[in-house]
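Side chains are part of it too, since the values below use all heavy atoms of this structure and drop only hydrogens, waters and symmetry mates. Residues take their numbers from the sequence shown, with the count starting at 1.
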Amino acid sequence: SATPVARVLLPGLGPYFRKVVEFEAQVRVARVGLRLKQHKAARGAYPAALAELDLAGLPATVSQDPFTGKPLAYRPAEAGFVLYSLGPDLADDGGAPRKGGAKAGYDVVWRASQ
C-alpha cells in the first residue's frame, strides 16, 4: 500500500505527466514531419505509408506514439499530409487539433498543405 504522502502527491502529478508525454508527442510529430518534408523535397512526393520513410539517424522510437506505443497516425492528403499522435484521451479524433483549453477530443497533429 502507498504511504500517506504518496497517496496525496501522486494524483496531483497526473496532469504533469500528461503534459510531459504530450510534449514528447509534439517533438516526435515535428521530427517525423520534418523528415516527411525532406522526403518530398528529395523524391517529389510524400510516401504512401510512414513505414516507407527513411528515419536513419533518429531515435528508434521517433515514429512511435508516446501515448499508445503504436506508430504515429499518418496519411497523405491533398498535396500534403496529416501526421498525429492520438493524444491523452487515446482516441483517434482523425487528426483534429487541440482547440482552446480542451482536455480531450483532440490529437497532437501536424497538417502539411504542400
Side-chain angles (χ1 to χ4, degrees):
S1 139
T3 66
V5 172
R7 279 192 296 249
V8 170
L9 292 178
L10 289 178
L13 292 176
Y16 168 78
F17 287 120
R18 183 185 62 78
K19 283 288 188 194
V20 168
V21 176
E22 188 166 343
F23 179 74
E24 179 62 25
Q26 291 169 346
V27 168
R28 291 181 187 189
V29 166
R31 291 180 90 176
V32 174
L34 289 170
R35 193 58 66 97
L36 285 163
K37 292 287 210 174
Q38 290 173 330
H39 181 95
K40 183 180 181 197
R43 294 180 177 86
Y46 292 111
L50 204 53
E52 298 172 20
L53 187 62
D54 178 8
L55 296 172
L58 295 176
T61 58
V62 74
S63 64
Q64 187 179 55
D65 186 332
F67 285 103
T68 66
K70 296 178 180 175
L72 293 169
Y74 166 76
R75 67 179 178 273
E78 264 187 63
F81 65 84
V82 179
L83 175 70
Y84 59 96
S85 158
L86 298 190
D89 66 358
L90 306 178
D92 189 337
D93 298 299
R98 183 176 192 171
K99 292 183 180 166
K103 299 207 188 287
Y106 67 92
D107 299 318
V108 178
V109 65
W110 180 345
R111 287 182 186 274
S113 57
Q114 50 180 325

Under the 3.5 angstrom rule, does the side chain of [X] hit a backbone N or O of [Y] as a donor-acceptor pair?
X      : Y      : result
Arg35  : Asp54  : yes
Arg111 : Gly80  : no
Asp89  : Ala91  : yes
Arg98  : Val109 : no

Tell me whether [X] shares a hydrophobic cluster with [Y], the cluster being built from Ile, Leu, Val, Met, Phe, Trp, Tyr side chains joined at under 4.5 Å.
X     : Y      : value
Leu34 : Leu53  : yes
Val27 : Tyr106 : no
Tyr74 : Trp110 : yes

>> Can you confirm whether the side chains of Tyr84 and Asp93 place a donor and an acceptor under 3.5 Å from each other?
In response: no
If you look only at distance, which donor and acceptor atoms sit under 3.5 Å apart when one is on a side chain in residues 62-73 and the other is two or more places apart or in another chain?
unit_1 : atom_1 : unit_2 : atom_2 : d
Gln64  : NE2    : Gly69  : O      : 2.9
Asp65  : OD1    : Phe67  : N      : 2.8
Asp65  : OD1    : Ser85  : OG     : 2.8
Asp65  : OD2    : Ser85  : OG     : 3.2
Asp65  : OD2    : Leu86  : N      : 2.7
Thr68  : OG1    : Lys70  : N      : 3.1

>> Give me the atom names and distance for the closest heavy-atom approach of Glu22 to Val108.
In response: CG-CG2, 4.0 Å
> Roughly how far, to the nearest 0.5 Å, is CG of Leu50 from NE2 of His39?
Replying inline: 10.5 Å
>> Does Glu78 have more than 12 heavy atoms from other residues, nucleotides or ligands lying within 6.0 Å of its CD?
In response: no
